[in-house]
Amino acid sequence: MAKYYQEAIETASREQIKQWQDERLVATVKRVYENVEYYRKKMEEAGVTPDDIKSSDDLYKLPFLTKDDLREAYPYGLMAEPLENCVRIQSTSGTTGRRVVAFYTQHDIDLWEDCCARAIMAVGGTKEDVCQVCYGYGLFTGGPGLNGGSHKVGCLTLPMSSGNTDRQLQFMTDLGATILCCTPSYAAYLAESIHEKGLRDQIKLKAGIFGAEAWTEEMRHDIEDKLGIKAYDIYGLTEISGPGVSFECEEQTGMHINEDHFIAEIINPETGEVLPEGEKGELVFTSITKEAFPLIRYRTRDICVLSRKKCSCGRTHVKMTKPMGRSDDMLIIKGVNVFPSQIEMVLLNKGLTSNYQIVVDRANNSDSIEVLVEMTPELFSDTVNELNVKEKEITDALKSVLGIYAKVRIVEPKTIVRSEGKAVRVIDKRNLYKQ
Ligand code: DLL
């Protein structure tokens, strides 16, 4: 059974992969230097010219790019193709101020969908399969990416998008879905609903492709047991295209990075120094085939380890572990990227103090977020009713900034533990990064 979408590429020799990376990096650097003022300035500041980049061995000479650069250059500052050649945007789930917009030419979409097709075939997908995609469609990359990959493999694609669990289950059983694509928390929720409704023997699922958020091995086993499937991880980020930057194969021991499109490095997040293979650090990507929005040395803030150990699946592309944490304070709650600073801004705007704590938890596979904030002397004299009104006001403001519901509790002064070092702003009880 064919298990590769592009066998010659996925099993290419290391020499061949290096050659692709060398040629494509040199061409990409030259192109952005000539076409994108933002890059040219950054390179000039770092004292590097395209002539200094002769192969991927010279990558370390180039400056890093961060989310702040993307915000500074928003919206069009990093676009490397004329607008008339771009056909799509996708955007992160982040909110005002933190929003990241990525651009695609038709060629970019084509290559991105190839990456997702590789992921689907790696879990045993063929054109005989019925692939149910319940990642969100729209600005989020999950739905469009896996949808495109599923088409390329030739699966019958169910473009469900997220939510409406009853309808998901109806299509899953009526149409005999065999591959499920969604976040791991939604997969676990679907598994639970299937059990509750006694539908286990009516489903034909064999594999799931779950990503977009951290999940543990325990969660994998739980989903696999409940649904009687193999559950595979998939990783990606909007900035670098979306899902399919890397994906798991049958070995289920890490995700192969599509190295013909992306060069991966691991750096020390404090110093920026490139770390040798096998060391844990921040993952940095350089895209070498993208037309509209090539990113050079983009710091993902995801912490992981790379390995080039031979894989039994026959793929030769480097593997990354599941992300083991982040080097910034971004939380992913219900699939939405949330920065504590956004919450702080809302509280301060509403006249509250910066003595607050964010408690994130997960019950029945659903994330919840509670914001505790100490009352100010003015609020101290307010009645319970007035406090309730204030809490509701903050909840609404948070909803409009974050896009998700956060329970707000105003607590008495001095009840949030003070710390002598850094304040403990976030208590994440989900333990998602436990390996
Ligand atoms: O989450 C793209 C995606 C969609 C990946 C569907 C997989 C499946 P963003 O919303 O830009 O893009 O969020 C990117 O999510 O930097 C990681 O911190 C986190 N993340 C993505 N996949 C995984 C995973 C999509 N498999 C951010 N495990 C990334 C852990 C993940 N974290």
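When a ligand or atom number is given, it counts from 1 through the structure's own listing order. Predicted model, so just to flag it, every value in this text is computed and none were measured.
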Margin query: The criterion is side chain to side chain contact (heavy atoms under 4.5 Å, CB included); which residues satisfy it with Pro276, sequence neighbours excluded?
Written below: Glu279
Answer side chain, backbone, both or neither: which part of [X] comes under 4.0 Å from ligand 1, heavy atoms only.
X: Ile332; result: side chain
X: Pro323; result: side chain
X: Tyr135; result: side chain

Give the numbers and elements of all ligand 1 atoms closer than 4.0 Å to a heavy atom of [X].
X: Arg326; result: 16 (O), 18 (O)
X: Ile234; result: 7 (C), 8 (C), 22 (N), 24 (C), 26 (N)
X: Thr141; result: 2 (C)
X: Asp233; result: 24 (C), 26 (N)

Check: Should Arg362 and Asp367 be marked as a salt bridge (charged side-chain N to carboxylate O under 4.0 Å, His left out) after you check the CA-CA gap, both sets of side-chain angles, and the distance that decides it?
Finding: CA-CA 4 Å; Arg362 179 172 283 176; Asp367 292 338; 2.6 Å; yes
Item checked: Qualifying residues under salt bridge (Lys or Arg N to Asp or Glu O under 4.0 Å), relative to Lys61, sequence neighbours excluded -> Asp58
Next item on the list: May I ask you to say whether Lys206 pairs ionically with Asp129, meaning some side-chain N is under 4.0 Å from a carboxylate O?
Entry: yes
Note to self: Check this for me: does any side-chain nitrogen of one of Glu239 and Lys67 sit under 4.0 Å from a carboxylate oxygen of the other?
What the structure shows: yes
Next item on the list: From atom 28 (N) of ligand 1, work out which of Met330, Glu213, Gln90 has a heavy atom at the shortest distance.
Entry: Glu213
Notebook entry, point to check: Given Leu237, Leu283, Asp302, which has its nearest heavy atom closest to atom 16 (O) of ligand 1?
Noted result: Asp302
Margin query: Any heavy atom of Arg301 closer to ligand 1 than 4.0 angstrom?
Written below: no
Item checked: Phe140 near ligand 1 by a heavy-atom separation under 4.0 Å -> yes
Item checked: Member of Lys319, Lys3, Arg315 meeting the salt bridge (charged side-chain N to carboxylate O under 4.0 Å, His left out) criterion with Glu251 -> Lys319
Note to self: Here's one to test your reading of the geometry: is the NZ or CZ of Arg118 within 45 degrees of the ring axis of Tyr5 and under 6.0 Å from its centre?
What the structure shows: no
Checklist line | Donor on one side chain, acceptor on other, Ser246 and His256, under 3.5 Å | finding: no
Note to self: Any nitrogen or oxygen of Thr238, side chain or backbone, less than 3.5 Å from one on ligand 1?
What the structure shows: yes
